[in-house]
Amino acid sequence: MSGTVAMAPQPAAEHATSWRKNRKLDQWIAFWSVPFFFNLFGLVFVPLSWMMPPRSPGSTTPHIVDFMHSHNLLIACVILTLAYGLAPVSNACYLMQVRRMSVSPAFRYSMMIGAITGAIVGMLFPMFCFGLGAFRPGYNSGVLTMLYDFGYLAFIGSLGCFCVMWMAFALAIILDENGILPKWLGYYTIWQYVTELMAAPVWIVKTGPFAWNGLMTFWFAMTLYVPWQIIVYVCIYRAIKNQPEAELDNASPELRPKTVEFRSGTSA
Amino acid sequence: MTALIRNPLTIVWALLTTVTIVSSLIALDGGAAHQINTTVTTAVLLIAAVKAYLVIRHFMEVRRAPVWLKATTSGWVVGLFTLLLSFYFASL
Amino acid sequence: MTNVAEGVTPGVDNSRPDDSGRGHVPGDSSMWFFVIGDLLIFGVYFVGYMYFRGQNHELFLQSQARLNLDIGAINTVMLLTSSLFVALGTEAARAGNRVAALQRFWIALAFGAAFPLLKMFEWIPEICSGLTPGKNLFFMYYYVMTGIHLCHVALGLVIMCFILRHLKTSKAPKISFVETGATYWHMVDVLWLVLFALLYLMR
Amino acid sequence: MNTRGQRILLWTAPPAVALFALAYLVFPVFSPPLSPTLTPDQVAAFFRGNVTGILGVAILGNLIACALVPLFAVTAVQISRAATSSTVLTYAYVICVGVGTTAFILADYCWGMAAFRPERDPQLTSLLNDMAWFFFIAPVGTIMVQNLCFALSVYLDERPDPIFPRWVAHFNVATVVLLAPSAFSILYKSGPLAWNGPLSFTLRLTTFAVYIAVMFWALLRAVKYQGDDRVVLA
């Protein structure tokens, strides 16, 4: 936490007035929490717990037991439990742009529900599986290998929720007529959710390119996913930046064009 | 009807179908033993490359497309099949 | 990239694409972004398949022997024919001949719809006789690659229905929309041609 | 445009809180909270001895797991009334509620599962119990973000007549700080941060109870003064 907290006040002090007066402050705060979250997320899963890159599903039992006993898994768990609430913020940040599109609200609701279901099964539960193993070293190896499998399969093999979420995102971008996000991003997102489908074989095989640490199911999916995440992020940044002031929810009534009316006409 | 048959697209299609049957026959004939057979593999892969090229060129109308699109799609066909064949021969 | 922007000027109703000089990008340029990316992604799969095949020729050859080459070949012809009619339909739509375009797209749809149907006739007996994706690496590749391809086919059929509806109902059909869908369908065809050679034919 | 619906939903909170209090008071696992230092055999023995109580509360907990959702939903509506540039805070809040509630339900499942077949291998009963405590005590991330979203919406609100008094926002920030120690319960088996310790258990549950009470009052007030105000939602 200290990293960003220490960073924030400096620009704030310099442009104290302009910073506070930014009309899109809520969106910017949400937006800048995203890299913070993803860095933590990466930190938790890679250098701290070494859960990622995934260990082999075919590891020998002593190896698995050894890994499940590493204390760092617990520290990773703590950081994740503190930070996983930021995942909804990043999703909400993306949802704001989908909300501006000319598509039905059903798209953003689908994304929202996907985000809700995905957070536990794809993030918290797997991490807890590893944490539980490290928490009580007394468990026998059968329990530990089960937790190991459960953790990896839930983390890598959780498919449907993210699939629907990114499908709705892709479709919204492609069908949108307001040009909020570039069309090619929609097509890129289709690959992203098809790679989610490609992860299905991890439930079947324990070695080779389709295992959960395999060339096809993991590494190839990652080479598509990581740039995608960064590109989405940059596109969202530009979308927030380019949103005209008159279109904001807090725009003064005289600035607000008539078309915004129908959007905000929801009852109490 | 004759216009349809004389249409260049139909001629391309006839060619594609013929080579599909030919390549199936090659596989059935030369590859019946289900053993490594470099002749069969080279033949069917080259035929597949030509087929892919024809579809891209004529059906997808890349023939009339700007140079960058021609270059990218042809590059894909050439690159892919070069890689496939070299991986194949390297593994023998 | 400037060519791209010019190629997709919307609402180019029934006019012929300009053949002068720089050429014409058929359909939406972002669809081409998708097509080229998809070709590359499948390319990675193809090369990966070849690499792992090279590790164990014996296994792949033995497994290959259990595939149904007949259905594979028939399906190839189905997709080729479907592609032909899509191309012919696009040509007719461009020439402003809506009746012919509709007719050809219907035929294309019928041939395209036969593909998943035949695929089921191929898959179900295989799965019933124990040739599941877990059997070995060849069958894993076989099901994953043909499965993803089948998803593409399904999406293509949906797109084709939208094209049909567009040609039927809209006052001035947008040729760029027809071209976009056609481009996608031909890509599905191209991918199958490579898959057919890799999975069924090569030795 | 009236606020009757919001008021009805708000008043489902007191009975929900009463049921939660009942569940808390009769839950054998909480009186006193089971120590993390117990061996699997001791845990299994405890579950064998308290099947009725644990299973009963697990069922009750399952039934009322989402009982506070209406309160949170009304909060979301009030957040969306704040004059900010978008509803990003509302959306983040709603997703957080969904995620946090799921974690609670999983905790409830695990305790219920342990009591359902108490003759199970003690290792597994102990594992279910550990998992339940993990999901019950540790995942404070979502409620922290939830409260921060709420506080931000109050701080950033540009309307001349604020929806909430500012101290409600300060209070929400304070709860974030008070809830945070629970996350560290994963690291310790004894002391104040262990899952049965005063910081992880007592402080967390007390904070949550006070938080619900304060929010209930604040929301009643906010809805009362909402009047004909339109709500920008969704």
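Within every chain, numbering begins at 1; the chains are lettered A, B, ... in the order of the sequence lines, protein sequences first and strands thereafter.
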Item to check | Side-chain H-bond candidate by donor/acceptor type, B:N7 with C:E91, under 3.5 Å | outcome: yes
Checklist entry - Going through the distances and angles, do C:F60 and B:H34 end up as a ring pair (Phe, Tyr, Trp, His ring centres under 6.0 Å)? => result CA-CA 9 Å; C:F60 276 66; B:H34 285 282; over 10 Å; no
Item to check | Under 4.5 Å from a heavy atom of chain C, the part of B:L16 involved | outcome: both
Checklist outcome for this item: Heaviest contributor of heavy-atom pairs below 4.5 Å to chain B, chosen from C:H186, C:M202, C:M187, C:Q55, is C:H186
Checklist outcome for this item: When every non-hydrogen atom of C:V86 is compared with those of C:M160, the smallest separation belongs to CG2-SD, 3.6 Å
Next on the checklist: Can you tell me which portion of B:L83 sits under 4.5 Å from chain C's heavy atoms? Options are side chain, backbone, both or neither.
Outcome noted: side chain
Checklist outcome for this item: Interface check, chain B: of C:L88, C:L39, C:L193, most non-hydrogen pairs under 4.5 Å belong to C:L39
Item to check | When C:A87, C:G72, C:A73 are compared by non-hydrogen pairs under 4.5 Å with chain B, the top option | outcome: C:A87
Checklist entry - Where on C:I36 is there a heavy atom nearer than 4.5 Å to chain B: the side chain, the backbone, both, or neither? => result side chain
Checklist entry - Of all of C:V35, C:L201, C:L198, which one pairs up most often with chain B through heavy atoms under 4.5 Å apart? => result C:L201
Next on the checklist: For B:W13 together with B:F59, are the ring centres under 6.0 Å from each other?
Outcome noted: no
Next on the checklist: Looking only at side-chain N and O atoms, does C:S63 offer a donor or acceptor that is under 3.5 Å from a partner on C:N136?
Outcome noted: yes
Checklist entry - Which answer fits B:T73, side chain, backbone, both or neither, if we ask what part of it has an atom under 4.5 Å from a heavy atom of chain C? => result side chain
Checklist entry - So which part of B:V44 gets closer than 4.5 Å to some heavy atom of chain C, the side chain, the backbone, both or neither? => result both
Next on the checklist: In the structure I gave you, are the side-chain heavy atoms of C:Y45 and C:V144 within less than 4.5 Å of one another anywhere?
Outcome noted: yes
Checklist outcome for this item: Cut-off 4.5 Å, heavy atoms of chain B, and the answer for C:W32 is side chain
Checklist entry - Is there a donor in the side chain of C:D189 and an acceptor in the side chain of C:S83, or the other way round, less than 3.5 Å apart? => result yes
Item to check | Most contacts with chain C, counted as non-hydrogen pairs under 4.5 angstrom, among B:S24, B:A90, B:A43 | outcome: B:S24
Checklist entry - Taking the six-membered ring where the residue is Trp, are the ring centres of C:H152 and C:F42 under 6.0 Å apart? => result yes
Item to check | Option that, when pairs with chain B are counted at under 4.5 Å, heavy atom only, ranks first among C:R203, C:M50, C:H57 | outcome: C:R203
Item to check | Under 4.5 Å from any heavy atom of chain B - which part of C:T76 | outcome: side chain
Checklist entry - Would you say the side chains of C:R53 and C:Q64 form a donor-acceptor pair under 3.5 Å? => result yes
Checklist entry - Do C:H24 and C:E179 have side-chain N/O donor and acceptor atoms under 3.5 Å apart? => result yes
Checklist entry - Which answer fits B:T72, side chain, backbone, both or neither, if we ask what part of it has an atom under 4.5 Å from a heavy atom of chain C? => result side chain
Checklist outcome for this item: So, the part of B:N37 with a heavy atom under 4.5 Å from chain C: the answer is both
Item to check | Positive for side chain to side chain contact (heavy atoms under 4.5 Å, CB included) with C:F196, one of C:T146, C:L69, C:L191 | outcome: C:L69
Item to check | Contacting moiety of C:A65, where chain B heavy atoms sit under 4.5 Å | outcome: both
Next on the checklist: Under 4.5 Å from any heavy atom of chain C, what part of B:Y53 do you find: side chain, backbone, both or neither?
Outcome noted: neither
